[in-house]
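All figures in this text were calculated on a predicted structure; none of them were measured in a lab. Atoms within each ligand, like the ligands themselves, are counted from 1 in listed order.
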Amino acid sequence: MAEITVIGAGYVGLVTAAGLAELEHNVTCVEINAARIAMLERNQLPIYEPGLDRLVARHRMSGHLRFTSDYATSVPQAEFVFVAVGTPPTPAGAADTRYVFAAVRSVLQYAQPGTVIVVKSTVPVGTGDAIAELVRSHGMETVSNPEFLREGTAVRDFLEPDRIVIGASHPSLAASVARLYASLAAPVVSCARRSAELAKYAANAFLATRISFINEMSVICDQVDADIEEVARVIGMDQRIGPAFLNAGLGWGGSCFPKDLMALADIAASNGAEALITSAVAEVNRRQRHRAVDRLVKGVAHVPRPQVGVLGLAFKPHTDDIREAPALDIIARLQARGVSVRAHDPLAAANAHGLLPEVEYDENPYDVARGSHALLLATEWPDYLTLNWRRMHTLMAGDLILDGRNVLDAQYLTSLGFIYASFGRATGSEPEEVWTDLAEDAS
Ligand code: NAD
């Protein structure tokens with residue numbers, strides 16, 4: 001059992017703190033956001049993540065987990081300090097590491113020599129070197145331990161990871177951090193700190209590449225009347241490729257892929273290299289959103305005061321996170337083109353309200369359909385798959401539905417009178433004219 005302090009109580013910090021408590025370590029989680037700490041003190045979580053509430057409650061009860069805003073009482077006894085603060089993009093697209101360095105400086109005021117700083121935040125290559133330089137004179141060391149959890153399944157991902165990556169300057173340091181995870185079955189990859197830092201960006205860029213690739217294929221499918229699901233199935237059966245992350249649709253968003261791709265391009269550029277694929281991947285993703293907006297606008301162009309209903313605001317199901325969510329970008333663009341929007345999300349509506357106050361947020365999906373000339377399914381929440389679609393259609397003022405995640409039953413919806421549109425599925429019933437000039441509009 002180790003004494004661990006986790007800095008930051010966001011998606012990664014909270015899951016890391018609760019996960020390490022589950023591994024029977026003594027964990028203190030430090031958070032500087034007063035509102036977040038106040039919620040945690042009331043036994044409420046500032047974010048939604050399936051299963052996290054139970055895990056946190058269990059380990060507060062067991063005494064393995066506590067929360068504080070006070071470095072002075074939480075750092076001195078720590079053998080390991082995990083840094084899990086945000087690294088948002090700067091205006092130029094680089095990863096902003098100022099929160100990481102602020103956290104490290106705060107730790108330095110109170111930490112004992114021998115304390116190891118474990119960097120979980122996603123940071124540019126070389127950040128660990130700079131931290132090592134900073135902490136060396138205090139008799140401390142640092143490792144990179146990038147986090148690969150996915151929001152929506154974060155607790156499971158933490159406790160059942162595909163691999164644990166530890167980038168350290170020498171093997172005994174890596175081994176001391178690996179021992180913290182000894183009760184997990186996952187393979188441990190011990191590597192150079194810079195490799196660990198780059199591997200995190202490479203993993204996210206590769207996953208985003210798969211989605212943008214299949215989206216590019218979906219555009220071709222629409223043009224040549226092929227079916228993207230059949231194409232994806234065929235290529236996914238190739239063992240060198242595999243089936244995951246080959247779902248066409250509105251594309252990726254969230255707190256990680258967009259900022260990490262920009263940061264990777266910046267890392268490349270500032271080190272005399274180029275990230276050509278990464279830039280193209282981001283551009284393909286941007287165009288998917290434009291295509292959605294164009295198709296919806298064209299689909300409602302015949303009505304004087306068009307209204308589009310949007311189902312789903314979170315960047316993916318099972319999270320309340322709206323950072324860089326495709327739905328928000330699309331809604332803003334629809335509004336800019338004179339379309340009024342009403343929307344629903346099981347968890348994320350309150351978060352979206354602050355950013356898009358002009359949207360009418362409904363308590364249930366049926367109210368979203370009411371009076372709408374077109375619908376967009378933007379997030380594939382399971383509840384949306386089992387809606388009473390006959391009732392949805394009856395409530396609408398038009399017929400168009402754009403299935404932004406290619407998850408709805410096209411034939412069934414068409415039989416109810418919907419005009420079904422998708423991304424590359426051959427089953428659509430969208431009229432030809434909606435498609436005209438899309439290539440130019442999207443660019
Ligand atoms: P987040 O914004 O949800 O949480 C960060 C938290 O750190 C906030 O609550 C903030 O108030 C707190 N904080 C900032 N400075 C602090 C300080 N000096 N002391 C104490 N608390 C402080 O961020 P997140 O989504 O958890 O991401 C954290 C890092 O992990 C980022 O680098 C991100 O790229 C990476 N990451 C995120 C995910 C994900 O799915 N969200 C997955 C893998 C890696």
**Q** Considering non-hydrogen atoms of the protein only, which is the closest contact for atom 22 (C) of ligand 1, and what is the distance?
**A** Ile32 CG1, 3.4 Å

**Q** Are there more than 12 heavy atoms of other residues, nucleotides or ligands under 6.0 Å from atom CD of Glu24?
**A** no

**Q** List every atom of ligand 1 that sits less than 4.0 Å from any heavy atom of Tyr71, numbering the atoms from 1 in the order shown and giving each element.
**A** 17 (C), 18 (N), 19 (N), 20 (C)

**Q** Tell me: protein heavy atom nearest atom 35 (C) of ligand 1, and distance?
**A** Thr122 OG1, 3.4 Å

**Q** Could you identify the single nearest non-hydrogen protein atom to atom 11 (O) of ligand 1 and state the distance to 0.1 Å?
**A** Glu31 OE2, 2.5 Å

**Q** For Met1, does the CE atom sit with more than 12 other heavy atoms under 6.0 Å from it, leaving out its own atoms?
**A** yes

**Q** Compare Leu14, Leu149, Val85 and give the one whose heavy atom is closest to atom 29 (C) of ligand 1.
**A** Val85

**Q** For atom 30 (O) of ligand 1, what's the nearest protein heavy-atom neighbour? Residue, atom name and distance, please.
**A** Val12 CG2, 3.4 Å

**Q** With nothing but distance in play, are any N or O atoms of Arg150 less than 3.5 Å from an N or O of ligand 1?
**A** no

**Q** Out of His64, Glu22, Arg54, which residue meets the side chain to side chain donor-acceptor pair (under 3.5 Å) rule with His59?
**A** Glu22

**Q** Decide whether Asn145 and Tyr181 meet the rule of one side-chain donor and one side-chain acceptor closer than 3.5 Å.
**A** yes

**Q** Which ligand 1 atoms does Asn33 reach within 4.0 Å, using its non-hydrogen atoms?
**A** 11 (O)

**Q** Taking the ring centre of each residue, are Tyr366 and His344 less than 6.0 Å apart?
**A** no

**Q** For atom 5 (C) of ligand 1, which of Gly8, Gly86, Pro46 has the closest heavy atom?
**A** Gly86

**Q** Checking the N or O distance criterion of under 3.5 Å, is ligand 1 in contact with Ala84?
**A** no

**Q** Side chain, backbone, both or neither: which part of Ser121 has a heavy atom under 4.0 Å from ligand 1?
**A** both

**Q** Taking only heavy atoms of Thr87 into account, list the atoms of ligand 1 that are under 4.0 Å away from them.
**A** 31 (C), 32 (O), 34 (O)

**Q** Just checking, any donor-acceptor pair under 3.5 angstrom between side chains of Arg60 and Asn43?
**A** yes

**Q** For residues Arg425 and Tyr420, is any side-chain donor paired with an opposing acceptor at under 3.5 Å?
**A** yes

**Q** Take every heavy atom of Cys256, measure it against each atom of ligand 1, and state whether any distance is under 4.0 Å.
**A** yes

**Q** I'd like to know if the side chain of Asn406 pairs up with that of Asp403 as donor and acceptor (distance under 3.5 Å, no hydrogens or angles considered).
**A** no

**Q** Return yes when atom CZ of Phe148 has more than 12 non-hydrogen atoms of other residues, nucleotides or ligands closer than 6.0 Å, and no otherwise.
**A** yes

**Q** Decide whether Asp345 and Trp381 meet the rule of one side-chain donor and one side-chain acceptor closer than 3.5 Å.
**A** yes

**Q** Taking NZ, NE, NH1 and NH2 as the nitrogens, is one of them in Asp129 or Arg194 under 4.0 Å from a carboxylate oxygen of the other?
**A** yes

**Q** Atom CD1 of residue position Ile277 - does it have more than 12 heavy atoms of other residues, nucleotides or ligands inside 6.0 Å?
**A** no

**Q** Below 4.0 angstrom from a heavy atom of Glu147, which ligand 1 atoms are there? Numbered from 1 as shown, please.
**A** 43 (C), 44 (C)

**Q** Enumerate the atoms of ligand 1 whose separation from the nearest heavy atom of Val30 is less than 4.0 angstrom.
**A** 20 (C), 21 (N)

**Q** Which residue and atom name correspond to the protein heavy atom nearest atom 4 (O) of ligand 1, and how close is it?
**A** Gly10 CA, 3.2 Å

**Q** Out of Arg36, Lys259, Arg323, whose heavy atom is nearest to atom 34 (O) of ligand 1?
**A** Lys259

**Q** Would Tyr11 count as being in polar contact with ligand 1, using the rule that some N or O on each side must be under 3.5 angstrom apart?
**A** yes

**Q** Give yes if a backbone or side-chain nitrogen or oxygen of Glu151 is under 3.5 Å from a nitrogen or oxygen of ligand 1, and no if not.
**A** yes

